[in-house]
Asker: 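Okay, here's the structure, questions in a sec.
So that the names make sense, note that chain A is the first sequence line, chain B the second, and so on, each numbered from 1. Source: prediction; values computed, not measured.
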Amino acid sequence: MPDLSIKISSLYLKNPVILASGTCGYGIELKDLIDLNSLGGLCLKGISLKPRPGNPPPRIHETASGLLNSIGLENVGIDRFISEKLPLLKDYDTCIIANILGDSAQQYIELAQRLDAHHDQIKAIELNLSCPNVKCGGIAFGTDPKLISQIITGVKKVTNLPVIAKLSPNVQDIVPIATACEESGADAISLINTLLGTAIDIFRKKPVFNNIFAGLSGPAIKPVALRFVWQASHAVKIPIIGIGGISKWEDAIEFFMAGATAIQIGTANFFNPSASVQIIQGIKGFMRKMGYKKIEDMRI
Amino acid sequence: MEHFDVNALISSHIQLSQDIFLLQIHAPYIAFAAKPGQFCMIKVSGDANDPLLRRPLSIHRVHDGGFVSFLYKVIGKGTKCLSEYKAGEKLNVLGPLGNHFAIRPAEKVIIIGGGIGVAPLVFLAERIAFKHGTTVLLGFRNREDVCCVEDFEKLAARTLIATEDGSLGHKGLITDLLREEIMHNPDLPKYFYTCGPFGMQKAINNLIIEELGEKKAHLEVSLEARMACGIGVCMSCVTQARDGDYLHVCKDGPVFNAKKILWK
(Lines give C-alpha, C1' and ligand atoms only; values in the text may rest on other atoms or scores of the structure.)
Protein backbone atom coordinates (compact mmCIF):
# COMPACT_ATOMS: atom_id res chain seq x y z
CA MET A 1 0.00 0.00 0.00
CA PRO A 2 1.41 3.41 -0.87
CA ASP A 3 1.83 5.85 2.01
CA LEU A 4 0.32 9.21 1.12
CA SER A 5 1.25 10.94 4.36
CA ILE A 6 3.70 13.81 4.31
CA LYS A 7 5.48 16.05 6.80
CA ILE A 8 6.02 19.77 6.59
CA SER A 9 8.24 20.65 9.53
CA SER A 10 6.22 19.56 12.59
CA LEU A 11 3.06 19.32 10.55
CA TYR A 12 1.78 15.84 9.70
CA LEU A 13 -0.73 15.49 6.86
CA LYS A 14 -2.47 12.18 6.19
CA ASN A 15 -2.27 12.93 2.50
CA PRO A 16 -0.83 15.77 0.40
CA VAL A 17 -4.14 17.26 -0.79
CA ILE A 18 -5.16 20.59 0.74
CA LEU A 19 -8.00 22.87 -0.25
CA ALA A 20 -6.66 26.29 -1.24
CA SER A 21 -7.51 29.45 0.65
CA GLY A 22 -10.33 31.43 -0.93
CA THR A 23 -11.89 28.39 -2.59
CA CYS A 24 -13.30 26.50 0.39
CA GLY A 25 -14.73 29.32 2.50
CA TYR A 26 -14.34 28.57 6.19
CA GLY A 27 -14.39 24.84 5.47
CA ILE A 28 -17.77 24.03 6.92
CA GLU A 29 -19.61 25.08 3.76
CA LEU A 30 -18.36 21.91 2.06
CA LYS A 31 -19.43 19.45 4.75
CA ASP A 32 -22.46 18.15 2.82
CA LEU A 33 -20.48 17.61 -0.36
CA ILE A 34 -17.24 15.98 0.70
CA ASP A 35 -15.88 14.11 3.69
CA LEU A 36 -13.68 16.80 5.23
CA ASN A 37 -11.91 14.09 7.25
CA SER A 38 -10.55 12.58 4.06
CA LEU A 39 -8.56 15.71 3.21
CA GLY A 40 -4.93 16.31 4.03
CA GLY A 41 -5.77 19.84 5.04
CA LEU A 42 -7.96 22.88 4.68
CA CYS A 43 -6.54 26.35 4.06
CA LEU A 44 -9.31 28.63 5.25
CA LYS A 45 -10.37 31.96 3.76
CA GLY A 46 -7.71 34.65 4.24
CA ILE A 47 -8.21 36.61 7.46
CA SER A 48 -7.33 40.20 8.28
CA LEU A 49 -7.40 42.07 11.60
CA LYS A 50 -10.53 44.01 10.63
CA PRO A 51 -13.39 42.54 8.56
CA ARG A 52 -13.14 43.40 4.87
CA PRO A 53 -16.27 43.89 2.77
CA GLY A 54 -14.53 42.97 -0.49
CA ASN A 55 -14.85 44.64 -3.88
CA PRO A 56 -18.02 45.82 -5.59
CA PRO A 57 -19.29 43.48 -8.33
CA PRO A 58 -18.39 42.22 -10.86
CA ARG A 59 -16.01 40.01 -8.94
CA ILE A 60 -15.47 37.20 -11.44
CA HIS A 61 -15.11 36.74 -15.17
CA GLU A 62 -14.78 33.41 -16.94
CA THR A 63 -11.95 32.99 -19.46
CA ALA A 64 -10.81 30.08 -21.64
CA SER A 65 -10.28 27.27 -19.09
CA GLY A 66 -9.77 29.92 -16.45
CA LEU A 67 -11.32 32.38 -14.07
CA LEU A 68 -10.42 35.98 -13.32
CA ASN A 69 -11.34 37.12 -9.83
CA SER A 70 -11.33 40.36 -7.96
CA ILE A 71 -13.03 39.38 -4.71
CA GLY A 72 -11.04 41.90 -2.70
CA LEU A 73 -10.20 39.60 0.22
CA GLU A 74 -13.67 39.73 1.72
CA ASN A 75 -13.52 38.14 5.18
CA VAL A 76 -15.13 38.32 8.61
CA GLY A 77 -11.99 39.50 10.40
CA ILE A 78 -9.97 37.71 13.08
CA ASP A 79 -12.48 38.21 15.94
CA ARG A 80 -15.41 36.55 14.22
CA PHE A 81 -13.09 33.98 12.64
CA ILE A 82 -12.06 32.82 16.10
CA SER A 83 -15.45 33.11 17.80
CA GLU A 84 -17.75 31.91 14.99
CA LYS A 85 -15.91 30.01 12.30
CA LEU A 86 -13.22 28.01 14.04
CA PRO A 87 -15.57 26.24 16.52
CA LEU A 88 -17.56 24.79 13.59
CA LEU A 89 -14.54 22.71 12.60
CA LYS A 90 -13.65 21.33 15.99
CA ASP A 91 -14.98 17.82 15.36
CA TYR A 92 -13.19 17.32 12.05
CA ASP A 93 -10.00 15.35 11.71
CA THR A 94 -8.12 17.30 9.07
CA CYS A 95 -5.28 19.75 9.27
CA ILE A 96 -6.64 23.30 9.67
CA ILE A 97 -4.40 25.94 8.15
CA ALA A 98 -5.24 29.60 8.76
CA ASN A 99 -4.38 32.04 5.97
CA ILE A 100 -3.61 35.62 6.99
CA LEU A 101 -3.10 38.93 5.24
CA GLY A 102 -2.24 42.42 6.31
CA ASP A 103 -1.23 45.87 5.21
CA SER A 104 1.98 45.84 7.25
CA ALA A 105 4.41 43.38 8.82
CA GLN A 106 2.98 44.37 12.20
CA GLN A 107 -0.49 43.23 11.16
CA TYR A 108 0.77 39.79 10.09
CA ILE A 109 2.55 39.46 13.42
CA GLU A 110 -0.51 40.47 15.41
CA LEU A 111 -2.67 38.00 13.48
CA ALA A 112 -0.18 35.17 13.99
CA GLN A 113 -0.08 35.92 17.70
CA ARG A 114 -3.87 35.75 17.96
CA LEU A 115 -4.00 32.48 16.03
CA ASP A 116 -1.19 30.90 18.03
CA ALA A 117 -3.50 30.92 21.06
CA HIS A 118 -5.68 28.44 19.13
CA HIS A 119 -2.94 25.96 18.30
CA ASP A 120 -5.18 23.15 19.56
CA GLN A 121 -7.15 23.61 16.34
CA ILE A 122 -4.94 25.55 13.98
CA LYS A 123 -1.99 23.48 12.82
CA ALA A 124 -0.20 25.95 10.55
CA ILE A 125 -0.32 29.53 9.35
CA GLU A 126 -0.14 30.45 5.68
CA LEU A 127 0.93 34.02 4.91
CA ASN A 128 -0.75 35.55 1.89
CA LEU A 129 2.17 37.57 0.58
CA SER A 130 0.72 38.03 -2.83
CA CYS A 131 -2.85 39.06 -3.23
CA PRO A 132 -2.83 41.54 -6.10
CA ASN A 133 -6.35 42.82 -5.62
CA VAL A 134 -6.10 45.11 -2.66
CA LYS A 135 -4.68 48.48 -3.53
CA CYS A 136 -3.03 49.20 -0.21
CA GLY A 137 -1.19 45.91 0.27
CA GLY A 138 -0.55 42.64 -1.46
CA ILE A 139 1.64 43.07 -4.42
CA ALA A 140 4.38 45.11 -2.76
CA PHE A 141 5.07 42.35 -0.21
CA GLY A 142 5.16 39.60 -2.78
CA THR A 143 7.80 41.21 -4.94
CA ASP A 144 10.21 42.41 -2.27
CA PRO A 145 12.45 39.79 -0.56
CA LYS A 146 13.30 42.25 2.25
CA LEU A 147 9.66 42.87 3.18
CA ILE A 148 8.95 39.14 3.00
CA SER A 149 11.85 38.40 5.34
CA GLN A 150 10.65 41.03 7.76
CA ILE A 151 7.18 39.47 7.92
CA ILE A 152 8.39 35.87 8.23
CA THR A 153 11.00 36.68 10.90
CA GLY A 154 8.44 38.65 12.88
CA VAL A 155 5.78 35.95 12.63
CA LYS A 156 8.21 33.18 13.59
CA LYS A 157 9.03 35.06 16.80
CA VAL A 158 5.44 34.98 18.03
CA THR A 159 4.38 31.45 17.10
CA ASN A 160 5.71 27.90 17.06
CA LEU A 161 3.18 26.89 14.44
CA PRO A 162 4.66 25.99 11.05
CA VAL A 163 4.65 29.05 8.78
CA ILE A 164 3.92 28.67 5.07
CA ALA A 165 4.79 31.58 2.77
CA LYS A 166 2.30 31.79 -0.12
CA LEU A 167 4.00 33.50 -3.03
CA SER A 168 2.89 35.52 -5.99
CA PRO A 169 3.89 34.54 -9.53
CA ASN A 170 3.85 38.20 -10.57
CA VAL A 171 7.60 38.61 -10.18
CA GLN A 172 10.66 38.64 -12.44
CA ASP A 173 12.45 35.82 -10.65
CA ILE A 174 11.07 33.57 -7.93
CA VAL A 175 14.48 32.25 -6.80
CA PRO A 176 15.59 35.25 -4.64
CA ILE A 177 12.13 35.38 -3.09
CA ALA A 178 12.01 31.66 -2.30
CA THR A 179 15.52 31.88 -0.89
CA ALA A 180 14.56 34.84 1.32
CA CYS A 181 11.63 32.78 2.69
CA GLU A 182 13.91 29.87 3.52
CA GLU A 183 16.59 32.06 5.10
CA SER A 184 14.11 33.92 7.28
CA GLY A 185 12.75 30.68 8.69
CA ALA A 186 9.63 29.82 6.68
CA ASP A 187 8.72 26.14 7.14
CA ALA A 188 7.34 25.81 3.63
CA ILE A 189 6.46 27.76 0.51
CA SER A 190 3.15 27.53 -1.30
CA LEU A 191 2.84 28.78 -4.85
CA ILE A 192 1.41 30.10 -7.05
CA ASN A 193 -1.24 32.62 -6.15
CA THR A 194 -3.21 34.03 -9.09
CA LEU A 195 -1.57 35.53 -12.16
CA LEU A 196 -2.40 39.16 -12.76
CA GLY A 197 -4.61 39.54 -15.81
CA THR A 198 -7.46 41.57 -17.17
CA ALA A 199 -10.46 41.42 -19.51
CA ILE A 200 -12.19 44.07 -21.57
CA ASP A 201 -15.90 44.45 -22.19
CA ILE A 202 -15.75 45.29 -25.89
CA PHE A 203 -19.32 46.58 -26.13
CA ARG A 204 -18.90 49.03 -23.27
CA LYS A 205 -15.28 49.74 -24.25
CA LYS A 206 -14.28 49.36 -20.62
CA PRO A 207 -12.34 46.90 -18.47
CA VAL A 208 -14.63 44.25 -16.95
CA PHE A 209 -13.33 44.93 -13.44
CA ASN A 210 -13.47 48.21 -11.54
CA ASN A 211 -9.85 47.63 -10.47
CA ILE A 212 -8.93 46.88 -14.11
CA PHE A 213 -6.68 43.95 -13.13
CA ALA A 214 -7.77 40.68 -11.57
CA GLY A 215 -6.24 37.33 -10.61
CA LEU A 216 -6.30 34.47 -13.10
CA SER A 217 -6.72 30.92 -11.84
CA GLY A 218 -7.96 27.58 -13.12
CA PRO A 219 -6.63 24.92 -15.51
CA ALA A 220 -5.30 27.63 -17.86
CA ILE A 221 -2.47 28.53 -15.43
CA LYS A 222 -1.24 25.02 -14.63
CA PRO A 223 1.86 25.01 -16.87
CA VAL A 224 3.00 28.31 -15.36
CA ALA A 225 2.41 27.06 -11.82
CA LEU A 226 4.32 23.89 -12.55
CA ARG A 227 7.29 25.90 -13.82
CA PHE A 228 7.32 27.97 -10.60
CA VAL A 229 7.19 24.83 -8.48
CA TRP A 230 10.09 23.36 -10.43
CA GLN A 231 12.17 26.52 -10.02
CA ALA A 232 11.39 26.99 -6.32
CA SER A 233 11.94 23.35 -5.41
CA HIS A 234 15.32 23.40 -7.10
CA ALA A 235 16.32 26.59 -5.28
CA VAL A 236 15.38 25.77 -1.67
CA LYS A 237 15.31 22.76 0.67
CA ILE A 238 12.08 23.57 2.51
CA PRO A 239 8.94 21.81 1.23
CA ILE A 240 6.99 23.31 -1.65
CA ILE A 241 3.21 23.19 -1.78
CA GLY A 242 2.13 23.38 -5.42
CA ILE A 243 -0.96 25.38 -6.37
CA GLY A 244 -2.32 26.40 -9.74
CA GLY A 245 -4.91 24.84 -12.01
CA ILE A 246 -4.94 21.38 -10.47
CA SER A 247 -8.27 19.76 -11.32
CA LYS A 248 -7.39 16.08 -11.87
CA TRP A 249 -5.11 13.56 -10.18
CA GLU A 250 -2.80 13.55 -13.21
CA ASP A 251 -2.15 17.25 -12.58
CA ALA A 252 -1.26 16.50 -8.97
CA ILE A 253 1.27 13.84 -10.04
CA GLU A 254 2.95 16.35 -12.36
CA PHE A 255 3.39 18.71 -9.40
CA PHE A 256 4.92 15.96 -7.23
CA MET A 257 7.28 15.11 -10.07
CA ALA A 258 8.23 18.79 -10.41
CA GLY A 259 9.19 18.85 -6.74
CA ALA A 260 6.06 19.60 -4.72
CA THR A 261 5.63 17.89 -1.34
CA ALA A 262 1.93 18.70 -1.21
CA ILE A 263 -0.63 20.38 -3.43
CA GLN A 264 -3.62 22.68 -3.04
CA ILE A 265 -6.83 22.45 -5.01
CA GLY A 266 -8.32 25.86 -5.79
CA THR A 267 -10.65 26.84 -8.59
CA ALA A 268 -11.57 23.19 -9.24
CA ASN A 269 -13.54 23.27 -5.96
CA PHE A 270 -15.91 25.72 -7.63
CA PHE A 271 -16.83 23.61 -10.63
CA ASN A 272 -16.30 20.20 -9.03
CA PRO A 273 -16.58 20.20 -5.23
CA SER A 274 -15.51 16.53 -5.18
CA ALA A 275 -12.27 17.23 -7.07
CA SER A 276 -10.08 16.92 -3.96
CA VAL A 277 -11.52 13.55 -2.94
CA GLN A 278 -11.23 12.22 -6.50
CA ILE A 279 -7.63 13.45 -6.68
CA ILE A 280 -6.69 11.66 -3.44
CA GLN A 281 -8.11 8.41 -4.86
CA GLY A 282 -6.33 8.99 -8.17
CA ILE A 283 -2.95 9.60 -6.51
CA LYS A 284 -3.35 6.43 -4.47
CA GLY A 285 -4.24 4.39 -7.56
CA PHE A 286 -1.34 5.76 -9.58
CA MET A 287 1.20 5.13 -6.83
CA ARG A 288 -0.03 1.58 -6.38
CA LYS A 289 0.10 0.89 -10.11
CA MET A 290 3.53 2.42 -10.58
CA GLY A 291 5.02 1.02 -7.38
CA TYR A 292 5.69 4.33 -5.62
CA LYS A 293 5.74 3.96 -1.84
CA LYS A 294 5.98 7.61 -0.76
CA ILE A 295 4.99 10.92 -2.35
CA GLU A 296 8.63 12.00 -2.46
CA ASP A 297 9.51 8.93 -4.58
CA MET A 298 7.75 10.59 -7.48
CA ARG A 299 10.08 13.56 -7.60
CA ILE A 300 12.16 13.73 -10.79
CA MET B 1 -29.68 23.23 4.12
CA GLU B 2 -28.85 19.90 2.54
CA HIS B 3 -27.64 19.68 -1.04
CA PHE B 4 -26.48 16.98 -3.40
CA ASP B 5 -23.97 16.68 -6.23
CA VAL B 6 -25.46 14.17 -8.69
CA ASN B 7 -24.98 12.84 -12.20
CA ALA B 8 -28.55 13.07 -13.35
CA LEU B 9 -30.14 11.47 -16.39
CA ILE B 10 -31.90 13.89 -18.72
CA SER B 11 -35.45 12.57 -19.04
CA SER B 12 -36.54 15.20 -21.56
CA HIS B 13 -35.22 18.36 -23.14
CA ILE B 14 -37.64 20.35 -25.26
CA GLN B 15 -37.15 23.52 -27.27
CA LEU B 16 -40.23 25.65 -26.56
CA SER B 17 -39.39 28.60 -28.78
CA GLN B 18 -36.40 29.95 -30.63
CA ASP B 19 -34.32 30.31 -27.49
CA ILE B 20 -36.36 28.94 -24.59
CA PHE B 21 -35.81 25.36 -23.44
CA LEU B 22 -37.45 23.07 -20.91
CA LEU B 23 -35.02 20.59 -19.35
CA GLN B 24 -36.12 17.75 -17.12
CA ILE B 25 -33.75 15.55 -15.15
CA HIS B 26 -34.19 12.58 -12.86
CA ALA B 27 -32.69 13.65 -9.53
CA PRO B 28 -34.78 12.25 -6.67
CA TYR B 29 -32.70 13.67 -3.82
CA ILE B 30 -32.85 17.16 -5.26
CA ALA B 31 -36.54 16.84 -6.12
CA PHE B 32 -37.38 15.78 -2.59
CA ALA B 33 -35.38 18.52 -0.87
CA ALA B 34 -36.16 21.41 -3.24
CA LYS B 35 -38.20 24.42 -2.19
CA PRO B 36 -39.57 27.19 -4.44
CA GLY B 37 -36.95 29.81 -5.16
CA GLN B 38 -33.98 27.50 -4.83
CA PHE B 39 -31.57 26.83 -7.67
CA CYS B 40 -29.06 24.28 -8.96
CA MET B 41 -25.56 24.65 -10.38
CA ILE B 42 -25.26 22.71 -13.63
CA LYS B 43 -22.01 21.66 -15.31
CA VAL B 44 -22.67 22.30 -18.99
CA SER B 45 -19.37 21.07 -20.46
CA GLY B 46 -19.10 17.52 -19.11
CA ASP B 47 -15.49 16.80 -18.13
CA ALA B 48 -14.16 19.59 -20.35
CA ASN B 49 -13.01 22.98 -19.11
CA ASP B 50 -14.89 25.22 -21.49
CA PRO B 51 -16.97 26.75 -20.14
CA LEU B 52 -15.20 26.18 -16.85
CA LEU B 53 -17.89 27.10 -14.37
CA ARG B 54 -21.28 25.60 -13.66
CA ARG B 55 -24.32 27.67 -14.47
CA PRO B 56 -26.96 28.58 -11.89
CA LEU B 57 -30.54 27.81 -12.95
CA SER B 58 -33.59 28.21 -10.76
CA ILE B 59 -35.79 25.19 -10.20
CA HIS B 60 -38.84 25.52 -12.41
CA ARG B 61 -40.86 22.61 -11.04
CA VAL B 62 -40.49 19.26 -9.31
CA HIS B 63 -42.53 16.27 -10.38
CA ASP B 64 -43.60 12.95 -8.87
CA GLY B 65 -41.05 10.22 -9.35
CA GLY B 66 -38.08 12.43 -8.51
CA PHE B 67 -37.96 14.64 -11.57
CA VAL B 68 -36.76 18.25 -11.55
CA SER B 69 -37.27 20.70 -14.39
CA PHE B 70 -35.53 23.89 -15.44
CA LEU B 71 -36.88 26.48 -17.83
CA TYR B 72 -34.14 28.60 -19.35
CA LYS B 73 -33.33 30.97 -22.13
CA VAL B 74 -30.20 30.68 -24.24
CA ILE B 75 -28.36 33.95 -23.64
CA GLY B 76 -24.67 33.05 -23.69
CA LYS B 77 -22.09 30.33 -24.06
CA GLY B 78 -23.16 28.36 -20.99
CA THR B 79 -26.84 28.12 -21.82
CA LYS B 80 -25.95 27.43 -25.47
CA CYS B 81 -23.84 24.42 -24.38
CA LEU B 82 -26.61 23.25 -22.10
CA SER B 83 -29.17 23.45 -24.92
CA GLU B 84 -27.14 20.91 -26.92
CA TYR B 85 -27.60 18.15 -24.34
CA LYS B 86 -30.11 15.45 -25.32
CA ALA B 87 -32.51 13.25 -23.43
CA GLY B 88 -30.72 10.11 -22.29
CA GLU B 89 -27.45 11.95 -21.60
CA LYS B 90 -26.22 12.78 -18.11
CA LEU B 91 -25.67 16.15 -16.49
CA ASN B 92 -23.75 16.96 -13.34
CA VAL B 93 -26.11 18.92 -11.11
CA LEU B 94 -25.53 20.39 -7.65
CA GLY B 95 -28.54 21.40 -5.61
CA PRO B 96 -30.90 22.45 -4.27
CA LEU B 97 -29.04 25.62 -3.27
CA GLY B 98 -29.87 28.91 -1.61
CA ASN B 99 -32.88 30.01 0.40
CA HIS B 100 -36.50 29.98 -0.75
CA PHE B 101 -39.70 31.96 -0.94
CA ALA B 102 -41.89 32.01 2.17
CA ILE B 103 -45.17 30.20 1.48
CA ARG B 104 -48.19 32.39 2.30
CA PRO B 105 -51.96 31.76 2.10
CA ALA B 106 -53.12 31.89 -1.54
CA GLU B 107 -55.72 34.61 -1.03
CA LYS B 108 -53.08 37.00 0.22
CA VAL B 109 -50.51 36.90 -2.57
CA ILE B 110 -49.72 38.34 -5.96
CA ILE B 111 -47.01 36.74 -8.08
CA ILE B 112 -45.21 38.94 -10.59
CA GLY B 113 -42.84 37.49 -13.19
CA GLY B 114 -40.80 39.09 -15.94
CA GLY B 115 -39.33 37.28 -18.94
CA ILE B 116 -37.58 34.00 -18.17
CA GLY B 117 -37.80 35.06 -14.50
CA VAL B 118 -41.20 33.38 -14.45
CA ALA B 119 -39.41 30.00 -14.23
CA PRO B 120 -39.24 29.56 -10.42
CA LEU B 121 -42.63 31.19 -9.87
CA VAL B 122 -44.49 28.16 -11.25
CA PHE B 123 -42.95 26.01 -8.50
CA LEU B 124 -43.93 28.69 -5.98
CA ALA B 125 -47.50 28.85 -7.29
CA GLU B 126 -47.83 25.06 -7.00
CA ARG B 127 -46.72 25.08 -3.38
CA ILE B 128 -48.95 28.00 -2.49
CA ALA B 129 -51.90 25.91 -3.71
CA PHE B 130 -53.69 28.60 -5.63
CA LYS B 131 -57.38 29.24 -5.24
CA HIS B 132 -59.63 30.47 -7.97
CA GLY B 133 -58.83 34.11 -8.54
CA THR B 134 -55.31 34.20 -7.18
CA THR B 135 -53.50 36.74 -9.30
CA VAL B 136 -50.41 36.30 -11.43
CA LEU B 137 -48.96 39.16 -13.48
CA LEU B 138 -46.55 38.29 -16.26
CA GLY B 139 -44.49 40.70 -18.34
CA PHE B 140 -42.59 39.89 -21.53
CA ARG B 141 -40.85 41.75 -24.30
CA ASN B 142 -43.05 40.19 -27.00
CA ARG B 143 -45.27 37.23 -27.84
CA GLU B 144 -42.22 35.06 -28.69
CA ASP B 145 -40.96 35.27 -25.11
CA VAL B 146 -44.27 34.41 -23.46
CA CYS B 147 -44.14 31.22 -21.41
CA CYS B 148 -45.77 29.45 -18.46
CA VAL B 149 -49.19 31.02 -18.99
CA GLU B 150 -50.90 27.60 -19.18
CA ASP B 151 -49.02 26.44 -16.09
CA PHE B 152 -50.53 29.26 -14.04
CA GLU B 153 -53.96 28.92 -15.63
CA LYS B 154 -54.00 25.23 -14.72
CA LEU B 155 -53.53 26.31 -11.13
CA ALA B 156 -56.72 28.40 -11.45
CA ALA B 157 -54.79 31.63 -11.38
CA ARG B 158 -56.12 34.83 -12.84
CA THR B 159 -53.22 35.37 -15.23
CA LEU B 160 -52.71 38.84 -16.71
CA ILE B 161 -50.11 39.43 -19.38
CA ALA B 162 -48.28 42.52 -20.56
CA THR B 163 -45.95 42.67 -23.57
CA GLU B 164 -43.80 45.67 -24.39
CA ASP B 165 -44.78 45.57 -28.06
CA GLY B 166 -48.44 44.73 -27.38
CA SER B 167 -48.27 41.46 -29.33
CA LEU B 168 -50.10 39.72 -26.47
CA GLY B 169 -52.19 41.09 -23.60
CA HIS B 170 -51.72 44.62 -22.33
CA LYS B 171 -49.32 46.76 -24.36
CA GLY B 172 -46.82 48.17 -21.94
CA LEU B 173 -44.99 47.24 -18.77
CA ILE B 174 -45.85 44.89 -15.97
CA THR B 175 -45.91 47.83 -13.58
CA ASP B 176 -48.99 49.13 -15.48
CA LEU B 177 -50.80 45.90 -14.58
CA LEU B 178 -49.63 46.07 -10.99
CA ARG B 179 -50.72 49.70 -10.57
CA GLU B 180 -54.14 48.77 -11.93
CA GLU B 181 -54.42 45.85 -9.49
CA ILE B 182 -53.45 47.99 -6.53
CA MET B 183 -55.82 50.82 -7.46
CA HIS B 184 -58.87 48.73 -8.28
CA ASN B 185 -58.70 45.97 -5.76
CA PRO B 186 -60.32 46.89 -2.44
CA ASP B 187 -59.00 43.93 -0.47
CA LEU B 188 -55.57 43.89 -1.90
CA PRO B 189 -53.30 40.95 -1.13
CA LYS B 190 -50.54 41.60 1.33
CA TYR B 191 -47.64 39.66 -0.06
CA PHE B 192 -45.90 40.14 -3.38
CA TYR B 193 -43.35 37.88 -5.04
CA THR B 194 -41.23 38.76 -8.05
CA CYS B 195 -38.57 37.27 -10.23
CA GLY B 196 -37.19 38.88 -13.36
CA PRO B 197 -34.71 41.49 -14.52
CA PHE B 198 -33.19 43.70 -11.80
CA GLY B 199 -34.69 46.86 -13.33
CA MET B 200 -38.17 45.36 -13.38
CA GLN B 201 -37.93 44.24 -9.77
CA LYS B 202 -36.67 47.67 -8.79
CA ALA B 203 -39.65 49.31 -10.51
CA ILE B 204 -42.06 46.92 -8.77
CA ASN B 205 -40.49 47.65 -5.41
CA ASN B 206 -40.76 51.39 -5.98
CA LEU B 207 -44.38 51.10 -7.07
CA ILE B 208 -45.42 48.98 -4.11
CA ILE B 209 -43.74 51.32 -1.63
CA GLU B 210 -45.25 54.34 -3.37
CA GLU B 211 -48.78 52.93 -3.34
CA LEU B 212 -48.85 51.04 -0.04
CA GLY B 213 -46.20 52.76 2.01
CA GLU B 214 -43.00 51.22 3.31
CA LYS B 215 -44.73 49.51 6.24
CA LYS B 216 -47.37 47.63 4.28
CA ALA B 217 -45.11 46.61 1.42
CA HIS B 218 -44.13 42.94 1.73
CA LEU B 219 -42.17 42.04 -1.35
CA GLU B 220 -39.90 39.04 -1.85
CA VAL B 221 -37.57 39.31 -4.82
CA SER B 222 -35.36 36.69 -6.43
CA LEU B 223 -32.04 38.01 -7.69
CA GLU B 224 -29.54 36.77 -10.20
CA ALA B 225 -25.74 37.06 -10.09
CA ARG B 226 -22.59 35.70 -11.67
CA MET B 227 -21.53 32.77 -9.53
CA ALA B 228 -18.61 30.42 -9.47
CA CYS B 229 -19.56 27.93 -6.75
CA GLY B 230 -23.18 28.40 -5.63
CA ILE B 231 -22.38 27.27 -2.08
CA GLY B 232 -20.93 30.36 -0.44
CA VAL B 233 -17.21 29.71 -0.77
CA CYS B 234 -16.12 31.85 -3.72
CA MET B 235 -17.80 35.06 -2.56
CA SER B 236 -18.28 36.35 -6.07
CA CYS B 237 -22.07 36.70 -6.32
CA VAL B 238 -22.59 39.83 -4.25
CA THR B 239 -25.31 42.44 -4.39
CA GLN B 240 -25.30 45.52 -2.23
CA ALA B 241 -27.58 45.79 0.78
CA ARG B 242 -29.26 48.99 1.90
CA ASP B 243 -27.09 49.04 5.03
CA GLY B 244 -23.94 49.07 2.86
CA ASP B 245 -22.95 45.42 3.39
CA TYR B 246 -22.64 42.93 0.59
CA LEU B 247 -25.16 40.11 0.42
CA HIS B 248 -24.19 36.81 -1.20
CA VAL B 249 -26.89 35.89 -3.68
CA CYS B 250 -26.14 32.14 -3.48
CA LYS B 251 -26.37 31.86 0.30
CA ASP B 252 -28.16 34.89 1.71
CA GLY B 253 -30.50 34.63 -1.30
CA PRO B 254 -31.43 34.23 -4.06
CA VAL B 255 -34.69 35.33 -2.39
CA PHE B 256 -34.50 38.58 -0.46
CA ASN B 257 -36.88 40.86 1.35
CA ALA B 258 -36.92 43.81 -1.09
CA LYS B 259 -36.34 46.20 1.81
CA LYS B 260 -32.86 44.77 2.34
CA ILE B 261 -31.62 45.50 -1.18
CA LEU B 262 -29.99 48.68 -2.38
CA TRP B 263 -31.97 49.32 -5.58
CA LYS B 264 -29.40 51.36 -7.42
Asker: Might you point out which heavy atoms bring Val233(B) and Cys24(A) nearest each other, and give the distance in Å?
Answerer: CG1-C, 3.5 Å

Asker: Any side-chain heavy-atom pair from Cys234(B) and Ile60(A) closer than 4.5 angstrom?
Answerer: no

Asker: OH/Tyr246(B) to CZ/Arg59(A) distance, rounded to the nearest 0.5 angstrom?
Answerer: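 Between atom OH of Tyr246(B) and atom CZ of Arg59(A) there are 6.0 Å.
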
Asker: Return the option, out of Arg55(B), Met227(B), Gln240(B), Lys43(B), with the maximum number of heavy-atom pairs under 4.5 Å with chain A.
Answerer: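 Option with the top pair count is Arg55(B).
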
Asker: Tell me, side chain or backbone of Lys31(A) under 4.5 Å from chain B's heavy atoms, or both, or neither?
Answerer: neither

Asker: Which atoms of Leu33(A) are under 4.5 Å from chain B, going by heavy atoms: the side chain, the backbone, both sets, or neither?
Answerer: side chain

Asker: How long is the span from the CD atom in Glu2(B) to the CG atom in Asp32(A), to the nearest 0.5 Å?
Answerer: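 That separation rounds to 5.5 Å.
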
Asker: Counting heavy-atom pairs closer than 4.5 Å to chain A, which one of Thr239(B), Leu53(B), Leu52(B), Ile231(B) comes out on top?
Answerer: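 Greatest number of close heavy-atom pairs with chain A: Leu52(B).
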
Asker: To the closest 0.5 Å, what do you measure between CE (Met235(B)) and CG (Leu73(A))?
Answerer: 11.0 Å

Asker: Rounded at 0.5 Å granularity, tell me how far CG in Asn49(B) sits from CG in Leu67(A).
Answerer: 12.0 Å

Asker: Heavy-atom distance under 4.5 Å to chain B: side chain of Thr23(A), backbone, both or neither?
Answerer: backbone

Asker: Is Lys259(B) atom NZ crowded by more than 12 heavy atoms from other residues, nucleotides or ligands, each under 6.0 Å away?
Answerer: yes

Asker: Quick check: do Glu62(A) and Arg226(B) have side-chain heavy atoms less than 4.5 Å from each other?
Answerer: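 Sidechains of Arg226(B) and Glu62(A): no contact.
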
Asker: Does any heavy atom of chain B fall under 4.5 Å from the side chain of Glu74(A), the backbone, both, or neither of them?
Answerer: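 Contact with chain B is through both the backbone and side chain of Glu74(A).
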
Asker: Would you say that more than 12 heavy atoms from the other residues, nucleotides or ligands in this model lie under 6.0 Å from the CZ of Phe198(B), or not?
Answerer: yes

Asker: Determine the minimum heavy-atom distance between Pro273(A) and Arg54(B), stating which atoms define it.
Answerer: CD-NH2, 3.5 Å

Asker: Non-hydrogen atoms of chain B under 4.5 Å away: do they reach the side chain of Pro58(A), the backbone, both or neither?
Answerer: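 For Pro58(A), no heavy atom lies under 4.5 Å from chain B.
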
Asker: Would you find more than 12 non-hydrogen atoms of other residues, nucleotides or ligands less than 6.0 Å from Gln24(B) atom CD?
Answerer: yes

Asker: Using heavy-atom distances under 4.5 Å, tell me whether Lys77(B) contacts chain A through its side chain, its backbone, both, or neither.
Answerer: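 Neither part.
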
Asker: Atom CG of residue position Asp243(B) - does it have more than 12 heavy atoms of other residues, nucleotides or ligands inside 6.0 Å?
Answerer: yes

Asker: Does CD belonging to Gln18(B) count more than 12 external heavy atoms closer than 6.0 Å?
Answerer: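 12 or below, so no.
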
Asker: Given that the side chain runs from C-beta out, which part of Asp5(B) has a heavy atom under 4.5 Å from chain A: side chain, backbone, both or neither?
Answerer: both

Asker: Shortest non-hydrogen contact from Cys229(B) to Phe270(A)?
Answerer: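 That closest heavy-atom pairing would be CB-CD2, 3.7 Å.
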
Asker: Roughly how far, to the nearest 0.5 Å, is CG of Leu94(B) from OG of Ser274(A)?
Answerer: 8.5 Å

